[in-house]
Amino acid sequence: MLIRVPKGTQDILPEDISKWYYIEGIIKEILNKYGYKEIRTPFFEYTDLFVRGIGESTDIVTKEMFTFPDRKGRSLTLRPEGTAPVVRAYLENSMGRISKVIKLFYIGPMFRCEKPQAGRFRQFNQFGIEIIGTKSPATDAEVIITALDVYKKLGLKNLEILINSVGCKKCRFDYIQKLKKYLKDKKELLCSDCKMRYEKNPLRVFDCKKDGCQKIIEKAPLITENLCRECESHFAQVKSYLDDQKIVFHEDPRLVRGFDYYTKTAFEIISGELGAQNAIAGGGRYDDLVEELGGKPTPAVGFAAGIERMIIAIDQQKVKWPEEKGLDIFVAKVDEKNKDSAFKLLQTIRNAGLSADMDYSEGSLKSQMRVANKLGVKYTVIVGEEELSKNMVVLRNMQTKEQKEIKIDNLINELT
Ligand code: HAM
């Protein structure tokens, strides 16, 4: 029996890889423009990082992590997200000493043991940015603007921005008391997960997708009506920066996002093309996370975006992908006898900086031409006994089908 890929994972095949190069190229171009530097953290970390960083009672930590012991019994977890690892790296490498404000980005796979469905995978790729070291509301706006700039460059339309403030430690504590009071006599109507959430972290009830819980939460007191002065002013400034840039957004006072680290701003970007899994990006401010992970109090803000979902949305909107660049040159041999000369010539062409290949199977000249056509090369160099004896080869223009004999010594000049 054939062994298949694990559930929720997929191969990115050669015919699709150019889409990834294209998207990654645009991401890097835009993020460079905004002054972000790339960071690459390990694919796995000590489990504790995510438990402490994301929060014990979140869905990610309670249900979705791929966790396993190493040979000494230490618990490791495949990273489900990039923010906690980036903050760990920031602290471990004392990046705060290099500069007061650090702007980082990452691109790479994340792992969550969720139920796979369209647009939801167990291994998926994110690009994300994190600005560490400033509480300026302009940076909350900047991360949203940056995400939109990437989407704009890719030609993605039909996006909606949802934004909320989840307050700070101070105002959230008071709000949670209110929320608990509201939920107290409805506790029995909550699902079993939400009963646990009620005890451990009632704000997480907002994450529940179940109809019964959604109905209850609809009438719950709202965090935005319970913000302290500072959080209220911060939120107003973020919105004003977005207004200044003519960015249309909707306030969603029930948007809390499934991470405990958020403070103040939380946002999501939704694509009309994605069906149930419609969040194309999500992020927010996390002013306490650096301290929570052992550093000095350091404010921060960021977001991450799902690359598979970007590809789905681009395909759905029928945005054109750029043409793939084929090989420059194909080298064909008239006879198997000429294969060593063909191989030598192939390397000479490559060494001159052109992309080139040959067919290593023992096919006829005709079948080699078919390979050349498939590869979309502009020229084929045909190596045959008769021409070799004169130190020549045949150069075929694959579009016009014109052929001419050419001195091997002049070949590179002619091709370049
Ligand atoms: P998140 O909302 O969990 O946030 O993920 C960000 C994006 O990753 C989502 O909007 C979605 O596009 C994509 N994504 C998430 N889960 C899956 C999945 N199972 N399959 C496919 N795509 C998925 C975070 O990860 C935070 N670390 C964002 C952040 C950065 N907040 C502050 N800084």
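As the structure lists them, so they are numbered: ligands from 1, and atoms in each ligand from 1. Start at 1 with the first residue, then count along the sequence. No hydrogens, no waters, no symmetry mates; every other heavy atom, side chains included, goes into these values.
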Is any side-chain heavy atom of [X] less than 4.5 Å from a side-chain heavy atom of [Y]?
X      : Y      : value
Lys100 : Thr134 : no
His234 : Ser165 : no
Glu29  : Lys153 : yes
Lys374 : Arg370 : no

* **Quiz item: cation-pi between Lys239 and Phe249, 6.0 Å / 45°** => no
* **Listed partners of Ser75 passing side-chain hydrogen bond (donor to acceptor under 3.5 Å, both in side chains), at least two apart** => Thr47
* Using a 4.0 angstrom limit on heavy atoms, which residues are close to ligand 1? -> Glu81, Thr83, Tyr106, Arg112, Glu114, Gly119, Arg120, Phe121, Phe124, Gln126, Glu130, Arg257, Phe259, Tyr261, Tyr262, Ala279, Ile280, Ala281, Gly282, Gly283, Gly284, Tyr286, Gly302, Phe303, Ala304, Gly306, Arg309
